[in-house]
Structure formats: structure tokens, C-alpha cells
Amino acid sequence: MTNPANSLVFAIDDDASVRKGLARLLRSDGYKSEFFESASDFLTRPPHSGPSCVIVDVQMPGLNGIELQEDLIRRRREEQLVFLTGHGDIPMCAQAMKAGAVDFLRKPFRADKLLQCVQNALLRSVERRRRTAEKNEARRLLDLLTPREFEVMQLVITGMLNKQIAAELRTAEKTIKVHRGRVMQKLGLTSVPDLVRLSQSAGVVPARFDMGPKSTSQQQPRA
């Protein structure tokens, strides 16, 4: 399988011989890679601009692998993690997997198994980046709406008709038609299903029927 474009594999291990072995393995399979002796050293590097994965030892001096994972989550970073361990700590493995790790391999690991984990991690990174880009673009478009247009949009995606929306908002049906038309025009959409998909990408929740007018700061959930 072809490696994703602009992808990069990072490896973090305090053992120089492990780093050397990983460098040979990844190079043999055509991966671009960078290596770090500690998690702290890795964190000084700016995030990669493309798909990426991090192979990291669980037990290291200073910041360990689990703590690195927690730090990346706090920073809302998107690197996909593959953990290596010489200890086989089952609770730690479960914690890492629950937090989103791609896999947890015990040393000594099979080369083909690690390479498959790297491939899976990069594919997940590609998908995660795609979803993030879609969400950001959807939110950018929704920011073009006025608070009233956004409110109408939230009711439209519930399946309500113009007459029902007008009754809910205590306004004229023709006013709702105008707002609805402006919503579709600003967003560049032609159908309600398209509007539903865009709102879902942005993480917008359909309005409840008892909702009142919103301020601009309340329009969208923020990550």
C-alpha cells in the first residue's frame, strides 16, 4: 500500500539501539521518520503539517508515554500513537487504548506487526485530518450567518416547514422564507439534506422548539 502523502513517522525511545532498529525498519518500508530520545524533546518540535504517527515507549525517564498521550490530548494535537512496552502492563494498555491509541505492542515486537500498526495509524490520521478540515470549513460558513439566520437554520434541519418555524419564532411565514433563502445562499447549498450534512460536520445540534434567540457567541459549539 502506498504511504499517505506528506506523512511522517516519529519514534520516541530512550534506548539508542531501539531507535536505530526502528530507523532501519521504517526506512526499509519507505517511511520518512524522525527520532527522539525523550517525549519532552519531541514536544519541542512544531506539529507536522500532514498525516503523522508516533511510536513511543511507555516507560521512559521524565515524561512517559501515557503522560505524553495526555499532553497531546490537552493540546488538541492529532498525532496517532502506537505504544511499545517491555512490561505488558494490562491496565496501562487499556488506559492508552481507551484514550485513542492505535495499538499497544510488547517488546520484542514483530516487524510486520509494527509496520501494519504504523500504516493503520497514518490512515487514521488522514481520516482525522479530513474530518477536522470539514468541521473547520463548515464552521467558517456558518459564521457567515446572522444570529436569526442561524436560529432558522437550526429549525430547518429538524424538518420543520416554514409555517411551523414561523409559528415557533412568532413571525410571518414570508419572513422565514427570506431567512431560509439567505441561509442557503450564504452556505452555497441547494437542499435541506446538504444543510443537515453541513451542520453535522460543524457539530451543530438541531434546535429544540422552546429555544429563544441566540447571540453570535452561542451559535456553535467550540472545540
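As a basis for the values below, the full set of heavy atoms in this structure was taken, side chains included, without hydrogen atoms, waters or symmetry mates. These numbers come from a predicted model, not from an experiment.
Considering only residues two or more places apart in sequence or on other chains, D15 meets the side-chain hydrogen bond (donor to acceptor under 3.5 Å, both in side chains) condition with S17. Not counting sequence neighbours, the partners of A121 by the side-chain contact (heavy atoms from CB on, under 4.5 Å) test are C53, Q80, V82, V102. The side-chain hydrogen bond (donor to acceptor under 3.5 Å, both in side chains) check on R77 picks up E79, with sequence neighbours excluded. Under the side-chain hydrogen bond (donor to acceptor under 3.5 Å, both in side chains) criterion, Q200 pairs with no residue, sequence neighbours left out. With sequence neighbours excluded, the residues forming a side-chain contact (heavy atoms from CB on, under 4.5 Å) with L115 are L25, L26, D29, Y31, listed by chain and number. When the side-chain hydrogen bond (donor to acceptor under 3.5 Å, both in side chains) test is applied to Q185, no partner is found at least two apart in sequence or on another chain. Taking R74 as the reference, D71 meet the salt bridge (charged side-chain N to carboxylate O under 4.0 Å, His left out) condition, with sequence neighbours excluded.
Applying the salt bridge (Lys or Arg N to Asp or Glu O under 4.0 Å) test to residues at least two apart or on different chains, the pairs with a partner in residues 169-188 are E149-K186. Among residue pairs with one or both ends in residues 35-56, those qualifying as salt bridge (Lys or Arg N to Asp or Glu O under 4.0 Å) are E34-R45; sequence neighbours excluded. Within the structure, ring-ring contact (aromatic ring centres under 6.0 Å, His included) contacts touching residues 39-70 (residues at least two apart or in different chains) are F10-F42, F36-F42. Pairs engaging residues 188-207 under the salt bridge (Lys or Arg N to Asp or Glu O under 4.0 Å) rule: D194-R197 [sequence neighbours left out].
At least one donor-acceptor pair under 3.5 Å links the side chain of Q164 to the backbone N or O of L161. The closest donor-acceptor contact from the side chain of R139 to the backbone of A202 lies under 3.5 Å. A donor-acceptor pair under 3.5 Å is formed between the side chain of N64 and the backbone N or O of E67.
Note on V192: it clusters hydrophobically with V204, by side-chain heavy-atom contacts below 4.5 Å among ILVMFWY residues.
When only modelled atom types and interatomic distance are considered, Q59 and T85 share no side-chain donor-acceptor pair under 3.5 Å. A donor and an acceptor atom, one from each side chain of Q116 and D112, are nowhere located under 3.5 Å apart.
With respect to R130 and E127, a salt bridge is recorded, a charged nitrogen being found less than 4.0 Å from a carboxylate O. By the 4.0 Å N-to-carboxylate-O rule, E134 lies too far from R131 to be salt-bridged with it. With respect to the salt-bridge test (charged N to carboxylate O, under 4.0 angstrom), the residues D14 and R19 do not qualify.
Grouping Ile, Leu, Val, Met, Phe, Trp and Tyr by side-chain contacts under 4.5 Å, direct or through others, leaves V178 on its own.
Using a 4.5 Å heavy-atom threshold, the side chains of V196 and V156 count as separate.
Heavy atoms only, all atoms of each residue included: V152 and I165 are closest at O-CD1, 4.4 Å.
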